[in-house]
Trainee: 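Structure provided below as structure tokens; questions to follow.
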Amino acid sequence: MKITTKGRYGLTIMIELAKQYGEGPKSLKSIAKDNDLSEHYLEQLAAPLRNAGLVRSVRGAYGGYKLAKAPGEITAGDVIRVLEGPITLVEGIEEEKPAQQALWIRIRDAIRDVLDNTTLQDLANTEDNDTEEAYMFYI
């Protein structure tokens, strides 16, 4: 499984919104600037997040995006599934030998467990310079 820039940048948007939860909307322009990302690319990611009911858009001069639910109610898995699709490791797993099938399923389930049990609140509370306790998503 490879998480592309869609998933990584989408998670960045959501973590930024979680950090500002309850303080009003945040513009994609400010998120892009703060994280040195393309505003245009973030706009493309915001639409599926909005359609999935994870964020709400606010129009106007002080508009932007805000989380549709509390940060503790949205998981990293929710975001990744919207932007990347289902979490799968191997295509054609049915054709593998039973021992290999069991291994791929255990790995997939472990990844799902981490993503589904890590909330935006958890990620927002992780200090940027606290690398010992930071979540790692290397797969």
Trainee: Output, in order, the C-alpha distance, side-chain angles, deciding distance and verdict of side-chain contact (heavy atoms from CB on, under 4.5 Å) for Leu115 and Thr75.
Mentor: CA-CA 7 Å; Leu115 292 174; Thr75 68; over 6 Å; no

Trainee: In Å and rounded to the nearest 0.5 Å, what is the CD1 to CG distance from Ile13 to Leu45?
Mentor: 5.0 Å

Trainee: Can a donor-acceptor pair be found, under 3.5 Å and without considering hydrogens, that links the side chain of Glu39 to the backbone of Leu28?
Mentor: no

Trainee: Minimum heavy-atom separation for Lys69 and Gly53, please, with both atom names.
Mentor: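 Looking at all heavy atoms of both residues, the closest pair is CE-O, 4.3 Å.
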
Trainee: Once side chain to side chain contact (heavy atoms under 4.5 Å, CB included) is applied, do any residues pair with Arg8, and if so which ones, sequence neighbours excluded?
Mentor: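 With sequence neighbours excluded, Arg8 shows a side chain to side chain contact (heavy atoms under 4.5 Å, CB included) to Ile3, Thr5, given in chain and number order.
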
Trainee: Would you please name every residue forming a salt bridge (Lys or Arg N to Asp or Glu O under 4.0 Å) with Asp109, sequence neighbours left out?
Mentor: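 By the salt bridge (Lys or Arg N to Asp or Glu O under 4.0 Å) rule, Asp109 matches no residue at all.
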
Trainee: Would a 4.5 Å heavy-atom cut-off, applied to side chains only, mark Arg81 and Asp116 as touching?
Mentor: yes

Trainee: Under the side-chain contact (heavy atoms from CB on, under 4.5 Å) criterion, do Asp122 and Thr119 qualify, and how do the steps go?
Mentor: CA-CA 5 Å; Asp122 298 330; Thr119 67; 3.2 Å; yes

Trainee: Return the minimal non-hydrogen interatomic distance between Ala32 and Ser38, and the atom names on each side.
Mentor: CB-C, 4.2 Å

Trainee: Give the minimum heavy-atom separation between Pro48 and Leu83, together with the two atoms involved.
Mentor: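 Nearest pair, atom of Pro48 first, then Leu83: CG-CD2, 3.8 Å.
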
Trainee: Just verifying a value: how many Å separate Thr118 OG1 and Ile74 CD1, rounded to the nearest 0.5 Å?
Mentor: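 Nearest 0.5 Å value for the OG1-CD1 distance: 14.0 Å.
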
Trainee: Flag yes if Val58 and Leu67 sit in one hydrophobic cluster, no otherwise; membership is Ile, Leu, Val, Met, Phe, Trp, Tyr, and two members link when side-chain heavy atoms are under 4.5 Å apart.
Mentor: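 No, because Val58 and Leu67 fall into different hydrophobic clusters, even though each may have its own neighbours under 4.5 Å.
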
Trainee: Quick one: CZ on Arg106 to CD1 on Ile111, what's the gap to the nearest 0.5 Å?
Mentor: 12.5 Å

Trainee: Just wondering, do Pro25 and Tyr65 contact through their side chains at under 4.5 Å, heavy atoms?
Mentor: no

Trainee: For residues Leu42 and Glu16, determine if any side-chain heavy atom of one lies less than 4.5 Å from a side-chain heavy atom of the other.
Mentor: no

Trainee: Taking the side chain as C-beta and beyond, is there a heavy-atom pair between Leu120 and Leu11 under 4.5 Å?
Mentor: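 Side-chain contact under 4.5 Å: yes.
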
Trainee: Who passes salt bridge (Lys or Arg N to Asp or Glu O under 4.0 Å) against Arg108, sequence neighbours left out?
Mentor: none

Trainee: Considering residues at least two apart in sequence or located in another chain, which fulfil the side chain to side chain contact (heavy atoms under 4.5 Å, CB included) criterion with Leu103?
Mentor: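 Checked Leu103 against side chain to side chain contact (heavy atoms under 4.5 Å, CB included); matches are Ile107.
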
Trainee: Could you tell me the separation between the CD atom of Glu23 and the NZ atom of Lys66, rounded to the nearest 0.5 Å?
Mentor: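 That separation rounds to 12.5 Å.
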
Trainee: Which heavy atom of Ala52 sits nearest a heavy atom of Val82, and at what distance?
Mentor: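 Residues Ala52 and Val82, closest heavy atoms: CB-CG2, 3.5 Å.
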
Trainee: Please report the shortest heavy-atom distance between Lys26 and Leu17, naming the atom on each side.
Mentor: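 Minimum heavy-atom contact is CB-CD2, 3.9 Å.
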
Trainee: Taking side chain to side chain contact (heavy atoms under 4.5 Å, CB included) as the test, write out the residues that go with Lys33, two or more places apart.
Mentor: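 Listed in chain order: nothing, the list is empty.
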
Trainee: Quick one: which residue pairs count as a ring-ring contact (aromatic ring centres under 6.0 Å, His included) with a foot in residues 7-48, not counting sequence neighbours?
Mentor: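 Residue pairs with at least one partner in residues 7-48: Tyr9-Tyr41.
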
Trainee: Can you name the nearest heavy-atom pair linking Met14 to Val55, along with the distance?
Mentor: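 Heavy atoms only, the tightest pair is SD-CG1, 3.4 Å.
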
